[in-house]
> 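Below is the structure I would like to discuss, written out as structure tokens.
Each chain gets a letter, A, B and so on, in the order its sequence line appears, and its residues count up from 1.
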Number of protein chains: 2
Amino acid sequence: MAVDAKSILKSKNLRITNCRLEVVQHFIDNQSGAFCQRELETLSEAYDRVTIYRTLISLLNAGIVHKIPNETGVANYALSHVYEDSEKHFDQHIHFKCEQCGKIECLEDHKVPEVAIPTGYKLSKVNLIVDGVCLQCGK
Amino acid sequence: MAVDAKSILKSKNLRITNCRLEVVQHFIDNQSGAFCQRELETLSEAYDRVTIYRTLISLLNAGIVHKIPNETGVANYALSHVYEDSEKHFDQHIHFKCEQCGKIECLEDHKVPEVAIPTGYKLSKVNLIVDGVCLQCGK
DNA sequence: ATCGTTTTTGCAATCTGATTGCATGTTTAG
DNA sequence: CTAAACATGCAATCAGATTGCAAAAACGAT
């Protein structure tokens, strides 16, 4: 049940640095929210954008965050919840993108349904992205 | 049942140009295959990359092709089949990406299952991307 | 706490794909 | 066939991603 940034980094044998702590903390503070590199850069003036870039690579490799594909070509990242609850498999949930506010979030509690693929094909990962209007914007 | 490039362009009120014809023809010749701009550029030396770029924008706006999101940030495009069979809704099929050959294809005959989203959310589009190994590479 | 090793960071530079402005060429309706 | 509308090529720019390298920070062992 690692819910603080430091424990998360430690559990993955990543060195504890201020930048990593702040980035992970931001993900924790915005549970289920996804952010692109640029958004993370503006969080704090303290870090170079290359540092944020490399921080995201580290977090990605460690499985702390996952990457969410989208049509714009700008990568988005969200916290993976594997370490919180092993039943939740980090890349098998739905990603939701609001057409109005543009926010991308992970719908952790909404599983990806069974997907049928043609005979002879092997499935290894499913990525389900839903576009629509979120609760806030739909009011 | 428009199966030739010219009819497709005409049906969408797009002007008939050589570049558009060649690009659409390539999509027709490679049914269900997805291509990035770069791949389309190398098809023919005849066109500037900006022309291919703008051709794709035109085809996209006309609904002749659709864009497939991926993690790399390089946009991929595939033919939409709306005009062939109105029962097939162009963005509701599965996109498959082979981890070995890298090829992206549309699984036209494999529909996206029903997706449940939280109460209060509105769904407008579903994009399902499956990573795995394709028939060819799996042999 | 300090040392030495290993890793991370900042900066500058580069790369690649996406995008725009403008002058010229092509398409199409009449 | 002509004029208006639109598409193309070229050059230039932009933005995000990525790398090299030297300086700084983290960490295990003393």
> Can you name the side chain to side chain donor-acceptor pair (under 3.5 Å) partners of A:Tyr53, sequence neighbours left out?
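Scan of A:Tyr53 (side chain to side chain donor-acceptor pair (under 3.5 Å), adjacent residues dropped) gives none.
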
> Under the side chain to side chain donor-acceptor pair (under 3.5 Å) rule, collect the residues that match up with A:Asp48, sequence neighbours excluded.
none

> To the nearest Å, give me how far apart CZ (B:Arg20) and P (D:dC6) are.
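The answer, rounded to whole Å, is 11 Å.
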
> Would you mind reading off the distance between B:Asn13 atom CG and D:dA5 atom P, rounded to a whole angstrom?
16 Å

> Between B:Glu71 (CD) and D:dG16 (C1'), how many Å, whole number?
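Roughly 17 Å, once rounded to whole Å.
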
> Measure up the B:His66 and B:His95 rings against each other and bin them: parallel (under 30°), tilted (30 to 60°), perpendicular (over 60°).
parallel

> Have a look at the helix from C:dA1-D:dT30 to C:dG30-D:dC1 and give the angle its two end axes make, five pairs each, rounded to 10 degrees.
50°

> Among all residues two or more places apart in sequence or in another chain, which pass the side chain to side chain donor-acceptor pair (under 3.5 Å) test with A:Gln100?
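Checked A:Gln100 against side chain to side chain donor-acceptor pair (under 3.5 Å); zero matches.
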
> Kindly give the cluster partners of B:Val133, where membership spreads through any ILVMFWY side chain lying under 4.5 Å from a current member.
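Taking Ile, Leu, Val, Met, Phe, Trp and Tyr as members, B:Val133 stands alone, with no cluster partners.
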
> Could you tell me which residues satisfy salt bridge (charged side-chain N to carboxylate O under 4.0 Å, His left out) with A:Glu71, sequence neighbours excluded, listed by chain and number?
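Only B:Lys125 meet the salt bridge (charged side-chain N to carboxylate O under 4.0 Å, His left out) criterion with A:Glu71.
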
> Given 3.5 Å as the limit, does a donor-acceptor pair link the side chain of A:Gln37 with the main chain of A:Arg49, or not?
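Looks like yes, one N/O pair under 3.5 Å.
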
> Would you give me the side-chain donor-acceptor pairs under 3.5 Å for residues 19-29 of chain B, sequence neighbours excluded?
{"from": "B:Arg20", "atom 1": "NH1", "to": "B:Arg15", "atom 2": "O", "distance (Å)": "3.1"}
{"from": "B:Arg20", "atom 1": "NH2", "to": "B:Ser58", "atom 2": "OG", "distance (Å)": "3.3"}
{"from": "B:Glu22", "atom 1": "OE2", "to": "B:Tyr47", "atom 2": "OH", "distance (Å)": "3.0"}
{"from": "B:Gln25", "atom 1": "NE2", "to": "B:Asp29", "atom 2": "OD1", "distance (Å)": "3.0"}
{"from": "B:His26", "atom 1": "ND1", "to": "B:Asn30", "atom 2": "ND2", "distance (Å)": "3.3"}

> Take atom CG of B:Asn61 and atom P of C:dT19, then tell me their distance rounded to the nearest Å.
12 Å

> Measure the distance from CG on B:Leu60 to C1' on C:dT19 and round it to the nearest whole Å.
15 Å

> Determine, for nucleotides 17-30 of chain D in 5'-to-3' order, which nucleotides have protein heavy atoms under 4.0 Å from the base (write B), from only the sugar-phosphate (write S), or from neither (write -).
BBBB-----BS---

> Under 4.0 angstrom, heavy atoms only, what part of the nucleic acid is B:Cys19 near: base, sugar-phosphate, or nothing?
sugar-phosphate

> Once you round it to whole Å, what is the distance between P of D:dG16 and CD1 of A:Ile52?
14 Å

> For A:Asn76, which residues count as a side-chain contact (heavy atoms from CB on, under 4.5 Å) partner, sequence neighbours excluded?
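side-chain contact (heavy atoms from CB on, under 4.5 Å) check on A:Asn76 returns A:Ala34, A:Cys36, A:Glu39, A:Ile68, A:Asn70, A:Ile104.
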
> Using whole Å, what does the distance between atom C1' of nucleotide D:dG9 and atom CD of B:Glu45 come to?
15 Å

> Taking CD from B:Glu39 and P from C:dT16, how many angstroms apart are they, rounded to a whole number?
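From B:Glu39 CD to C:dT16 P: 16 Å.
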
